[in-house]
Amino acid sequence: EEVAIFSGLSSHLPTIQKMLLVEDSFQLSAATQLLSLYCLHKGRSVSAQLLKFLLGSCAKEQQLVVVVQLVGQLEQFHTNMVGEAVSTGLRDKKIDVKIFLSNLAKLSQLESGSCHSWVRAVTSCQAQLVEHLVRPDMTALVLDLFRLVPSATNMRVNTLHKICHGFVQVILNTITSTNLTMEASAARISSCEKILFQLCQQHCGLQVTLRFLLDSCLNSPYCVWLGGVQDTEESSVRQKQAVSLLKDNHKFGVMPVQPLGSSTVFHAGTIGAGARGSPPQHPVSEDQAEINRRTVAGVIMRLCEGTGEQQGEGAKQLALMMVEIISPDIMYNGLPWPEEEFMKVTIERDLSITRLLTRHPITWTLLSMLAQARPALCYCSVLVRAVVAVSISHWASHVTSRLSDHPAQVHITRRVLELMAVGQFLPPQLALVPQIMHIFDPFQLHCVLIDIWNFMKITVPGPSLFQVSEGSGDATRDFGPYKNYHGFCERLRVVVVKNIDTMAVIFKRYFVDALKESGENGQNGHAEPIV
């Protein structure tokens with residue numbers, strides 16, 4: 001039944017709504033009572049519109065008392081009106097979003113029982129909140145709301161995907177921002193990490209977050225802030241050609257005047273990609289890029305360590321994700337190392353992996369952390385295998401030169417051998433190689449790398465080779481006595497003997513003493529053959 005006073009009230013509603021913001025107690029009380037009755041008569045949508053107006057207009061905390069009072073009077077009749085008000089307010093482009101979000105945060109931490117309605121409303125609208133998260137002027141307010149209101153535990157995958165994407169973008173935007181102090185940047189990244197940690201506890205949460213982080217660090221413009229180089233060379237010239245050859249001829253103004261005439265000249269197009277320009281300048285120094293890499297890698301590893309029912313499950317997921325993103329082929333990505341001759345089959349894939357690792361230093365940072373989180377490096381041993389194969393091919397073709405002539409390749413070879421040593425892919429003797437590489441010439445280094453390849457081929461680097469200590473929880477590998485693998489160390493022993501004047505202490509510790517500890521007889525660290 002229509003009430004006469006309410007039928008004409010709709011045209012004066014904006015004026016009466018503004019009375020809810022005045023300080024006159026009588027006028028405030030009367031307007032509140034009148035609008036409460038009007039909302040009860042008109043329904044939930046009108047109640048939600050009134051709440052939306054108050055959330056976007058209350059500039060003082062005293063004015064929020066009216067919001068609490070109206071919710072207490074109307075919510076028992078109009079369920080979910082708070083959720084509808086928050087949802088429509090986040091979509092409304094006419095209201096002041098800063099005031100709206102600030103009031104939402106204040107109402108969500110009320111000590112009274114009415115805060116539960118606001119918490120439920122914010123939780124149900126977190127996908128809409130993320131749209132404002134990436135706006136620099138709104139980031140702090142939205143972060144406060146996510147900190148106050150934890151995410152739902154049964155979130156849909158598409159919502160989880162959207163929220164994780166937003167927080168990963170905030171982390172990278174914070175790293176690339178020049179307007180924040182170091183303390184403010186660290187606090188914001190820490191807040192995002194705590195919220196991502198909660199999201200990673202959900203089904204598929206860790207996989208979604210890792211994919212966004214890795215993909216952003218390797219395949220987006222953010223990579224230059226981490227010391228990387230954005231790849232523009234992988235696409236073919238035909239794919240990058242923006243103008244057809246016909247239009248290129250038009251540009252030169254040399255259209256044929258007569259058929260096959262002597263004045264007919266054609267432009268044959270650009271050979272390859274044309275003249276290569278100078279590389280772009282990095283926006284940050286190398287030291288700052290190293291700090292940025294450690295920040296991002298630290299976030300990734302802490303998310304992995306705190307996720308998963310079993311210890312090391314998160315690091316395993318990261319290793320598998322790196323193989324999926326970095327390796328260009330799904331073939332031959334298993335744990336076994338093939339025969340030496342098989343390197344010719346996978347050389348293109350190995351070169352692609354090595355180039356990507358070289359362009360993006362953060363991959364080495366992550367691999368170093370996986371090597372320490374044993375046995376996680378086993379799951380991405382295909383990346384290690386690719387770099388070793390490329391190193392073997394390189395030094396095989398430069399046996400007559402010197403190591404100092406190839407500083408970049410020396411650096412790559414040393415880094416991959418250090419990874420294998422820390423990840424306990426190699427026994428103590430072969431793990432020495434990256435520390436004493438300066439005594440090698442290219443031919444000797446090539447021979448030792450072949451021995452390392454053959455050792456890896458015989459002893460496949462699998463997680464089953466590691467034993468977890470009950471006390472510390474660390475995984476370690478027992479290679480057994482030196483006599484079990486001394487055949488793979490013979491050429492290394494010969495090189496060390498040739499440099500005995502500087503390598504005497506190392507030779508005695510790793511070859512002579514190791515032979516005695518295994519109960520074998522021999523001279524100069526060389527085991528006597530069994531008769």
ask   = Under 3.5 Å, is there a donor-acceptor pair linking the side chains of Asn292 and Gln288?
value = yes
key: Spacing of Glu290 atom CD and Leu226 atom CG [to the nearest 0.5 Å]   = 10.5 Å
inquiry  = I'd like to check Ile353 versus Pro328 (side-chain heavy atoms, cut-off strictly below 4.5 Å). Are they in contact?
reply    = yes
Phe167 ring center near Phe146 ring center (under 6.0 Å) = yes
task = Assess the side chains of Gln49 and Lys52: does a donor N or O sit below 3.5 Å from an acceptor N or O?
result = yes
ask   = Taking atom OG1 of Thr209 and atom CD of Gln317, what is their separation to the nearest 0.5 Å?
value = 12.0 Å
inquiry  = Within this structure, what is the CG-OH distance for the pair Leu172 and Tyr222, rounded to the nearest 0.5 Å?
reply    = 6.0 Å
Atom pair CG/CD of Leu320 and Gln207 - distance to nearest 0.5 Å = 10.0 Å
ask   = Yes or no on side-chain contact (heavy atoms from CB on, under 4.5 Å) for Val71 and Leu107, after CA distance, side-chain angles and deciding distance?
value = CA-CA 11 Å; Val71 171; Leu107 291 168; over 6 Å; no
request  = Measure the spacing between NZ of Lys316 and CG of Leu377 and express it to the nearest 0.5 Å.
outcome  = 14.5 Å
request  = State whether a side-chain donor-acceptor pair under 3.5 Å links Ser87 with Gln128.
outcome  = yes
ask   = Is it the case that Asn333 and Arg385 place a side-chain donor and acceptor less than 3.5 Å from each other?
value = no
query = Got a salt bridge between Glu286 and Arg293, using NZ or NE/NH1/NH2 to carboxylate O under 4.0 Å?
reply = yes
task = Would you mind reporting whether Ser117 and Glu75 have side-chain heavy atoms less than 4.5 Å apart?
result = yes
Interatomic distance, Thr354 atom OG1 to Gln409 atom CD [nearest 0.5 angstrom] = 8.0 Å
task = With side-chain contact (heavy atoms from CB on, under 4.5 Å) as the test, would you mind laying out the steps for Leu318 and Tyr379 before giving the verdict?
result = CA-CA 9 Å; Leu318 173 60; Tyr379 297 102; over 6 Å; no
task = Consider only side-chain N and O atoms of Gln73 and Ser36, and report whether a donor and an acceptor are under 3.5 Å apart.
result = yes
Smallest separation among heavy atoms of Val168 and Ser216, with atom names = CG1-OG, 4.1 Å
query = Step by step, would you call Leu214 with Arg211 a side-chain contact (heavy atoms from CB on, under 4.5 Å)?
reply = CA-CA 5 Å; Leu214 291 177; Arg211 181 170 292 279; over 6 Å; no
key: Within-4.5 Å side-chain heavy-atom neighbours: Ile195 and Leu143   = yes
